[in-house]
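To start, the structure under review is shown below, and the notes come after it.
Ligands are counted one by one from 1 in listed order, and the atoms in each one are counted from 1 as well. Only heavy atoms go into these numbers, but all of them, side chains included; no hydrogens, no water, no symmetry mates. If you're wondering where the values come from, they're calculated on a predicted model, not measured in any experiment.
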Amino acid sequence: MDSYQWLELEVAERVATIALNRPETLNALTDGLLKELTDAVKSVEKNPEVRVLVLTGRGRGFCSGQDLKSFQDSAGERDIGAHLDQFYHPLIRKLATLEKPTIAMINGVVAGAGMSLALACDLRVAAEGARFSQAFVRIGLVPDSGSTYFLPRLIGYSRALEMAMTGMMVDDQTALNWGLINRLVPKEQLEQETYSLARSLASGPPLALGMIKRGIAWGASHDLNDAMEREKDFQIEAARTEDHAEAVKAFFTKQVPQFRGR
Ligand code: LHQ
């Protein structure tokens, strides 16, 4: 896909930005938007110029989850399992396993599967005023698209259950205190803070960053012995990279290492 109707994709200074662009619905997810989003993440994956992905929303919302209008129009006719298999699962898997750091730049309200999208990113930077709801229960559904996996790992079992069972709206400060987001910044500093973080990650060692992402995901769901074995495999690979050799040299010559991803 060369151009997109429902989102914007831009690349600058080795950082790609995907901005969901259906602001009138707080960026609710239609089939069309989900297709474009999956395509855009794949193109970020393939683009060697890109080292970091920022995911955000245009307007006052980050993402309000499944577009309920398009579902309402075909109420009863939809096979939700097939819908999840076709649209959501490949997207969440692709985001969570992308070998490049991903940052959700949270500009406003986040609900339902929109929250799953934010949770599937590696880091979350939110603007003051952002709000978070596992809205599924409010319409008689259950958390999907990875929320049951990511949420208890991020904020703990009890808080995850409270959010999922009540659909409560969690405010920005609570989200920070609970570890749902990494950073909370004034609205007008959201882009500056996010891109400063993104550029710093983009100047890091790409191969090591990819392995760190896989390693932490592995460690979060394995026991200590398995985790150490996996770390060892990754460390052997990392220690063989040119980037590692260059960075050690740069340390002793007191220079800033230039990581090339080799
Ligand atoms: C929307 C939406 C929306 C359409 C706001 N759709 N228009 C489910 C089914 C099957 C398979 C896959 O997975 C899923 C997973 C899910 O994601 S289920 C959960 C779906 N999402 C929700 O239930 C959230 C619905 N939205 C809300 O609760 C509120 O809009 C929130 C809390 C997000 C924001 O509230 P407000 O700030 O008060 O904004 P608002 O409600 O006034 O919304 C602004 C506009 O956006 C409004 O349109 P209008 O024409 O009246 O201005 C809404 O209708 C529209 N909108 N969410 N998901």
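In terms of protein heavy atoms, atom 32 (C) of ligand 1 is closest to Met169 CE, 3.5 Å. Looking only at heavy atoms of the protein, atom 42 (O) of ligand 1 is closest to Arg60 NH2, 4.0 Å.
Close approach of ligand 1 to Asp144 is summarised as follows: ligand atoms under 4.0 Å from at least one heavy atom of the residue are 12 (C), 13 (O), 14 (C), 15 (C). Near Asp67, the atoms of ligand 1 lying under 4.0 angstrom from a non-hydrogen atom of the residue are 4 (C), 6 (N). Close approach to Ala135 involves these atoms of ligand 1, each under 4.0 Å from a residue heavy atom: 22 (C), 23 (O), 24 (C). For ligand 1, the atoms lying closer than 4.0 Å to a non-hydrogen atom of Ile80 are 10 (C), 11 (C). Atoms of ligand 1 found under 4.0 Å from any heavy atom of Gly65 (numbered from 1 in listed order, with element): 17 (O). Every atom of ligand 1 is numbered from 1 in the order shown, and the set under 4.0 Å from a heavy atom of Arg131 is 37 (O).
Residue Lys213 places its NZ atom among more than 12 non-hydrogen atoms of other residues, nucleotides or ligands, all under 6.0 Å distant.
With Ser133, Ser145, Ser64 as candidates, the residue nearest to atom 24 (C) of ligand 1 on a non-hydrogen basis is Ser64.
For atom 50 (O) of ligand 1, no protein heavy-atom neighbour is present inside the 4.0 Å cut-off. Inside a 4.0 Å radius of atom 16 (C) of ligand 1 there is at least one protein heavy atom. When distances from atom 58 (N) of ligand 1 to the protein are checked, a heavy atom turns up under 4.0 Å.
Annotation: cation-pi pair Arg153/Tyr149 present, NZ/CZ under 6.0 Å from the ring centroid and within 45° of its normal.
Using a 4.0 Å heavy-atom cutoff, Arg138 is absent from the residues neighbouring ligand 1.
Judged by distance alone, the side chains of Ser116 and Ser147 do bring a donor and an acceptor atom under 3.5 Å apart.
Heavy atoms of Ala113 found under 4.0 angstrom from ligand 1 belong to the backbone as well as the side chain. Residue contacts with ligand 1, taken as heavy atom pairs separated by less than 4.0 Å, do not involve Leu29 at all. Residue Gln66 touches ligand 1 through backbone and side chain together, judged by heavy-atom distances below 4.0 Å.
Using bins of under 30°, 30° to 60° and over 60° for the plane-to-plane angle, the ring pair His222/Trp218 lands in the parallel bin.
Every residue was checked against the side-chain hydrogen bond (donor to acceptor under 3.5 Å, both in side chains) condition with Asp172, not counting sequence neighbours, and none meets it.
Of the residues listed (Leu26, Leu20, Val110), the one engaging Ser64 in a side chain to side chain contact (heavy atoms under 4.5 Å, CB included) is Leu26, and it is the only one.
With Asn27 contributing its side chain and Gly61 its backbone, the two residues share a donor-acceptor pair below 3.5 Å. With hydrogens and angles ignored, the 3.5 Å screen pairs no side-chain donor or acceptor of Arg124 with any backbone N or O of Met105.
Under the 4.0 Å criterion applied to side-chain N and carboxylate O atoms, Glu49 and Arg14 are not assigned as salt-bridge partners.
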Original post:
Going through the checks in order, is the side-chain contact (heavy atoms from CB on, under 4.5 Å) test met by Trp6 and Asn21?
Top reply: CA-CA 5 Å; Trp6 309 114; Asn21 194 18; 6.0 Å; no
